Peer 1: 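Input: one structure, supplied below.
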Amino acid sequence: MSAAYYAQIWQTIRQIPAGKVASYGQIADLAGLPGRARLVGKALGLAPASMALPWHRVLRSNLTLAFTPGSAQALLQRSLLLAEGVTFAGQRVDKTSHWRPELADLLFRLQY
DNA sequence: TAATTGACCCTTT
DNA sequence: CAAAGGGCCAATT
């Protein structure tokens with residue numbers, strides 16, 4: 001059953017603090033689905049807007065936006081991040097904004 | 001049933 | 001730095 005994966009992924013994305021970013025692969029790993037970064041992208045696309053997920057805090061492993069540069073979605077994502085204080089170095093997000101959670105802390109919070 | 005398609009990633013050239 | 005090749009897998013055609 002695939003729906004369970006999505007819930008797990010959404011819960012994990014919800015843990016990303018404002019002003020920080022994480023990669024698709026990182027989310028997959030933290031959600032207990034190593035190697036399934038593509039599933040994370042799919043989960044985000046399926047997530048209802050009412051869920052208000054911090055989707056803009058998820059980007060590629062090289063810290064660039066997943067959307068086509070210049071597209072409406074990319075511009076929106078960029079502005080949302082800037083509004084949170086995330087800094088950019090050209091097309092990519094500054095490394096200092098990369099989320100590095102303590103595993104134990106994350107697992108603790110995911111239990112609820 | 002088979003092929004294609006993603007809001008992707010990693011290692012090796 | 002760029003390209004290539006291989007992984008991944010649910011959903012759609």
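What you see is a predicted model, and the numbers here were worked out from it, not measured in a lab. Residue numbers begin at 1 in each chain, while the letters A, B, ... track the order of the sequences.
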Peer 1: Could you state the CG-C1' distance from A/L46 to C/dC9, rounded to the nearest angstrom?
Peer 2: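 After rounding, the gap between these two atoms is 13 Å.
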
Peer 1: Strictly below 4.0 Å: does A/Y6 bring a side-chain N or O up to OP1 or OP2 of C/dA11?
Peer 2: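 So the side chain of A/Y6 is within the cut-off, an N or O lying under 4.0 Å from OP1 or OP2 of C/dA11.
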
Peer 1: Does any residue of residues 55-90 of chain A have a heavy atom under 4.0 Å from DNA chain B, and if so, which ones, in number order?
Peer 2: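 By residue number: A/W55, A/R60, A/S61, A/A66, A/F67.
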
Peer 1: For residues 16-41 of chain A, pull every pair meeting side-chain hydrogen bond (donor to acceptor under 3.5 Å, both in side chains), keeping only residues two or more places apart or in separate chains.
Peer 2: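 Those involving residues 16-41 of chain A are A/Q26-A/H98.
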
Peer 1: Please work out which residues in residues 29-38 of chain A have a non-hydrogen atom less than 4.0 Å from an atom of DNA chain C and list them by number.
Peer 2: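 Hits under 4.0 Å, by residue number: A/G35, A/R36, A/R38.
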
Peer 1: For A/A83, which residues count as a side chain to side chain contact (heavy atoms under 4.5 Å, CB included) partner, sequence neighbours excluded?
Peer 2: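 Residues passing side chain to side chain contact (heavy atoms under 4.5 Å, CB included) with A/A83: none at all.
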
Peer 1: Does A/S97 use its side chain to pair, donor to acceptor, with the backbone of A/V93 at less than 3.5 Å?
Peer 2: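 Not a single qualifying donor-acceptor pair exists.
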
Peer 1: Sequence neighbours left out, what pairs pass salt bridge (charged side-chain N to carboxylate O under 4.0 Å, His left out) with at least one residue falling in residues 5-18 of chain A?
Peer 2: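 For residues 5-18 of chain A: none.
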
Peer 1: Send over the distance from A/Y5 OH to C/dA11 C1', rounded to a whole Å.
Peer 2: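 After rounding, the gap between these two atoms is 14 Å.
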
Peer 1: Of all nucleotides in DNA chain B that come within under 4.0 Å of a heavy atom of chain A, which is furthest toward the 5' end and which toward the 3' end?
Peer 2: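 In short, chain A contacts DNA chain B from B/dG6 to B/dC10.
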
Peer 1: Taking C/dG6 as the reference, what is the distance to B/dA7 when you measure between their P atoms (whole Å, please)?
Peer 2: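 To the nearest whole Å, 23 Å.
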
Peer 1: With sequence neighbours left out, which residue pairs that include part of residues 49-62 of chain A fulfil the side-chain hydrogen bond (donor to acceptor under 3.5 Å, both in side chains) condition?
Peer 2: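 Of all non-adjacent pairs touching residues 49-62 of chain A, those that pass side-chain hydrogen bond (donor to acceptor under 3.5 Å, both in side chains) are A/H56-A/E84, A/R57-A/E84, A/N62-A/T64.
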
Peer 1: Test: salt bridge (charged side-chain N to carboxylate O under 4.0 Å, His left out). Region: residues 62-73 of chain A. Which pairs qualify, not counting sequence neighbours?
Peer 2: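 Residue pairs passing salt bridge (charged side-chain N to carboxylate O under 4.0 Å, His left out), neighbours aside: none found.
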
Peer 1: If you round to the nearest 0.5 Å, how far is CD1 of A/I27 from CG of A/L39?
Peer 2: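 It is 12.5 Å, given to the nearest 0.5 Å.
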
Peer 1: Quick one: list whatever passes side chain to side chain contact (heavy atoms under 4.5 Å, CB included) with A/L75, sequence neighbours left out.
Peer 2: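 Once residues adjacent in sequence are excluded, A/L75 has no partner under the side chain to side chain contact (heavy atoms under 4.5 Å, CB included) criterion.
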
Peer 1: Given 3.5 Å as the limit, does a donor-acceptor pair link the side chain of A/Q15 with the main chain of A/Q11, or not?
Peer 2: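 Yes; at least one donor-acceptor contact below 3.5 Å.
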
Peer 1: With sequence neighbours left out, what residues match A/T96 under side-chain hydrogen bond (donor to acceptor under 3.5 Å, both in side chains)?
Peer 2: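 Counting only residues at least two positions away or on another chain, A/T96 forms a side-chain hydrogen bond (donor to acceptor under 3.5 Å, both in side chains) with A/D94.
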
Peer 1: Which residue, A/G25 or A/L39, contacts DNA chain B at a nucleotide closer to its 5' end, judged by nearest heavy atom?
Peer 2: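 First, find each residue's nearest nucleotide; the 5'-ward one identifies A/L39.
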
Peer 1: Quickly work out the A/K42 NZ to C/dA11 P distance and round it to whole Å.
Peer 2: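 These atoms are roughly 7 Å apart.
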
Peer 1: Would you say A/Y5 and A/V40 make side-chain contact, with heavy atoms under 4.5 Å?
Peer 2: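 A/Y5 does not reach A/V40 side chain to side chain.
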
